[in-house]
Each structure stands twice: as C-alpha cells, then as structure tokens.
Amino acid sequence: MADRVLPRGFYARPTLQVARDLIGKTLVHVTTSGRTSGLIVEVEAYIGEGDPACHAASGLTGRNAPLYGRPGRAYVYVNYGIHHLVNAVTEPEGVPAAVLLRAAEPVEGIDLMRRRRQTNGRLARASSLPEKDLCRGPGNLTRAFGISGAHNRLDLCGAGLFVEDGGVGGEPKVEWTPRVGIRVGIAARWRCAVVDSACVSGR
DNA sequence: CGTTCGATGCACT
DNA sequence: GTGCATCGAACGT
C-alpha cells in the first residue's frame with residue numbers, strides 16, 4: 001500500500017494547524033486482534049505552559065514529560081481513574097503541546113471496536129452500541145481502538161498506531177469552539193470539530 | 001427532555 | 001489528601 005502515514009514534520013508545526021489538519025485524517029491501530037481505523041472528526045489543542053488547561057501548565061513533571069518530547073509521539077494518560085486519553089505531541093521538541101483526539105467516525109474493524117467497548121473497562125455496556133457512538137468521546141475512542149497506557153510515548157510515525165492521510169473527497173467543514181470538560185482555559189476556542197458529524201461528542 | 005452523581009487510578013501537593 | 005482533558009446510570013421535571 002502507498003505510504004500515507006503522516007511524517008514527523010506534520011506534527012512539528014503550530015498546534016492549531018496540526019489540530020485542523022488532523023480532522024478528516026484516518027487514525028489506524030493494528031494489533032494481533034485486527035485492524036481498526038476511523039476518520040478523526042473532533043480534536044482539541046493544548047498549547048504550552050501558558051495554557052492553564054495544558055498538563056504542562058505547572059512545568060515539567062514525570063507525567064507530562066512526553067509533551068516536551070519529540071513531536072509525532074503519543075501522550076496517553078489516565079483520567080478520572082478509568083479512561084485513557086490519547087494525544088499527538090506537536091511543535092518542535094522542547095515545546096510542550098499536543099492535540100487530544102476526541103472522536104472518530106469508525107471505518108475498519110467495527111466489530112472489534114464494538115467488542116472492545118463491551119468487554120473492556122469498568123463501564124461496559126450490556127446492549128450493542130450504534131456504530132456512530134463507538135468512538136464518540138475521548139475515553140470511548142481509546143477503548144474502541146484498544147489504546148492504553150502501554151502506548152504512552154509510542155511513535156505515531158512508525159507502524160502499529162499511526163495517522164494516515166485520508167485522501168477522502170473534499171475537506172470537511174469544521175468549527176472552532178471552546179474546549180470541553182475543563183475548568184480553566186475555557187476562553188480559548190481550541191476545539192476543532194466537523195460540523196454536522198453524528199460522531200462528534202456533544203455538550 | 002434535564003441534571004446529578006458514583007466509579008476509579010494516579011500524579012502531584 | 002485532592003482533583004481531574006469522562007462516562008453512563010439513575011434519577012427529577
């Protein structure tokens with residue numbers, strides 16, 4: 001297949017540009033259980049120590065170190081004790097910033113996603129989920145894709161977990177809104193989402 | 001419809 | 001000990 005994996009140079013740019021350009025791209029995770037992929041429809045930017053909502057707001061710590069590292073790597077952490085959230089590290093190395101992947105439209109491995117959603121985690125559902133909800137919300141996305149703490153610092157420019165150039169038709173129409181679920185830094189409109197996508201998480 | 005709230009791990013103070 | 005970049009069940013209206 002053609003090598004459509006986004007190169008490191010894609011991530012080593014201003015975070016808002018990376019966020020915008022990730023919309024419509026394809027997130028792919030290949031495991032022994034199978035291949036899952038989906039179109040990215042919602043992201044959020046977290047930019048630098050001056051951003052109060054960014055994990056780097058208090059400077060370098062053991063947890064947020066990946067934010068300061070190479071662009072194009074994954075920053076995965078646990079929040080609320082039960083959800084893994086995945087980010088793509090951006091900007092040149094040394095600048096702590098990333099794009100949070102919040103929602104995707106399932107493309108490949110939908111049965112596998114559904115199985116992961118139903119069997120993984122403490123909040124498993126008994127009934128079968130609508131396809132559009134499988135990767136709706138950052139916690140749901142990581143569960144459907146089988147992304148866990150083991151993926152922290154993983155290079156997104158290699159094999160396994162990566163983002164591909166979608167090559168799908170025209171550019172989707174997007175909107176910029178305040179970020180969701182945070183208590184500080186709500187003024188910045190750094191959430192980018194596809195307008196009218198059923199797979200975008202709402203408020 | 002709407003809002004509230006418990007689950008749950010761990011980094012940080 | 002505190003506070004989350006969440007989710008969905010369980011309520012109330």
Side-chain angles (χ1 to χ4, degrees), chain A residues 11 15-16 18-20 22-23 27 38 40-69 73-91 95-104 106 113-154 156 174-194 198-203:
Chain A
Y11 300 97
T15 305
L16 293 178
V18 177
R20 170 60 186 88
L22 278 173
I23 298 291
L27 176 67
I40 298 169
V41 296
E42 181 186 357
V43 299
E44 283 176 1
Y46 290 86
I47 311 174
E49 297 179 347
D51 174 5
C54 182
H55 282 179
S58 301
L60 176 65
T61 67
R63 175 218 217 183
N64 67 26
L67 289 175
Y68 292 79
R73 301 238 245 213
Y75 170 47
V76 182
Y77 72 97
V78 178
N79 99 119
Y80 293 100
I82 43 188
H83 303 291
H84 293 279
L85 271 56
V86 62
N87 300 250
V89 174
T90 60
E91 308 275 350
V95 179
V99 173
L100 169 69
L101 273 35
R102 290 191 57 90
M113 287 183 182
R114 190 168 276 121
R115 249 178 288 140
R116 284 170 173 155
R117 286 293 310 275
Q118 288 171 347
T119 60
N120 289 359
R122 312 299 196 270
L123 296 177
R125 249 200 196 183
S127 57
S128 95
L129 286 160
E131 183 175 321
K132 68 177 178 57
D133 290 338
L134 288 174
C135 308
R136 189 167 181 266
N140 290 334
L141 183 148
T142 55
R143 203 173 308 151
F145 273 87
I147 296 171
S148 71
H151 298 85
N152 193 27
R153 297 172 185 266
L154 189 73
L156 300 175
V174 302
E175 63 179 346
W176 289 91
T177 74
R179 293 169 294 183
V180 161
I182 53 175
R183 319 270 257 217
V184 291
I186 55 181
R189 300 173 75 87
W190 287 350
R191 170 179 175 269
C192 188
V194 174
C199 301
V200 168
S201 68
R203 284 282 85 58

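In what follows, chains carry the letters A, B, and so on, assigned in the order in which the sequence lines appear, proteins first and then strands, with residues in each chain numbered from 1.
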Engineer: Take atom OH of Tyr80(A) and atom C1' of dA9(C), then tell me their distance rounded to the nearest Å.
Structural biologist: 17 Å
Engineer: Taking all non-hydrogen atoms of both residues, which atom of Thr15(A) and which atom of Ala45(A) are closest, and how far apart?
Structural biologist: CG2-CB, 3.7 Å
Engineer: Can you name the one residue among Ile23(A), Leu16(A), Val18(A) that meets side chain to side chain contact (heavy atoms under 4.5 Å, CB included) with Arg20(A)?
Structural biologist: Ile23(A)
Engineer: Taking dA10(C) as the reference, what is the distance to dT8(B) when you measure between their P atoms (whole Å, please)?
Structural biologist: 14 Å
Engineer: How is Gly81(A) classified with respect to the nucleic acid when contacts are heavy atoms under 4.0 Å: base, sugar-phosphate, or nothing?
Structural biologist: base
Engineer: Can you tell me how far C1' of dA5(C) sits from CG of Leu85(A), to the nearest Å?
Structural biologist: 6 Å
Engineer: Does any nucleotide pair with dA5(C) by Watson-Crick or G-U wobble geometry, both distances under 3.5 Å, and what is it?
Structural biologist: none
Engineer: If you compare every side-chain N and O of Arg63(A) against the phosphate oxygens of dA5(C) (OP1, OP2), does one of them come in below 4.0 Å?
Structural biologist: no
Engineer: Before you tell me yes or no, could you show the steps for Val180(A) and Arg102(A) under side chain to side chain contact (heavy atoms under 4.5 Å, CB included), namely the whole-Å CA-CA distance, both residues' side-chain angles and the distance that decides it to 0.1 Å?
Structural biologist: CA-CA 10 Å; Val180(A) 161; Arg102(A) 290 191 57 90; 3.5 Å; yes
Engineer: List the atom of Leu134(A), the atom of Arg114(A), and the distance in Å for their closest heavy-atom pair.
Structural biologist: CD2-CA, 3.8 Å
Engineer: Take the protein atom CG of Leu60(A) and the nucleotide atom P of dA11(B), then report the distance between them rounded to whole Å.
Structural biologist: 14 Å
Engineer: Within the pair Asn140(A) and dT6(C), is there a side-chain N or O less than 4.0 Å away from OP1 or OP2?
Structural biologist: no
Engineer: If only side-chain N and O atoms of His55(A) are considered, is one of them under 4.0 Å from the OP1 or OP2 phosphate oxygen of dA5(C)?
Structural biologist: yes
Engineer: Given that both distances must come in under 3.5 Å, which nucleotide forms a Watson-Crick or G-U wobble pair with dT8(B)?
Structural biologist: none
Engineer: Nearest whole angstrom, please: distance from the P of dA5(C) to the CZ of Arg136(A).
Structural biologist: 20 Å
Engineer: Check the distance between dG8(C)'s P and Leu134(A)'s CG and give it to me in whole angstrom.
Structural biologist: 11 Å
Engineer: As a test of reading the structure: which of dT6(C), dG8(C), dG9(B) is closest to the side chain of Arg117(A), going by heavy atoms?
Structural biologist: dG8(C)
Engineer: Closer than 4.0 Å, any side-chain N/O of Arg102(A) to the OP1 or OP2 of dT6(C)?
Structural biologist: yes
Engineer: Atom CG of Leu141(A) to atom P of dA5(C): distance rounded to whole Å?
Structural biologist: 18 Å
Engineer: Quick one: His83(A) NE2 to dC10(B) C1', roughly how many Å, whole number?
Structural biologist: 15 Å
Engineer: Which residue lies toward the 5' end of DNA chain C, Gly137(A) or Arg183(A), if each is placed at its nearest nucleotide?
Structural biologist: Arg183(A)
Engineer: Hey, what do you get for CG (Leu100(A)) to SG (Cys54(A)), rounding to the nearest 0.5 Å?
Structural biologist: 11.0 Å
Engineer: According to the 5.5 Å centroid and 30° plane-angle thresholds, does Tyr46(A) stack upon the nucleobase of dA5(C)?
Structural biologist: yes
Engineer: What is the distance, to the nearest angstrom, from the CD atom on Gln118(A) to the P atom on dC7(C)?
Structural biologist: 17 Å
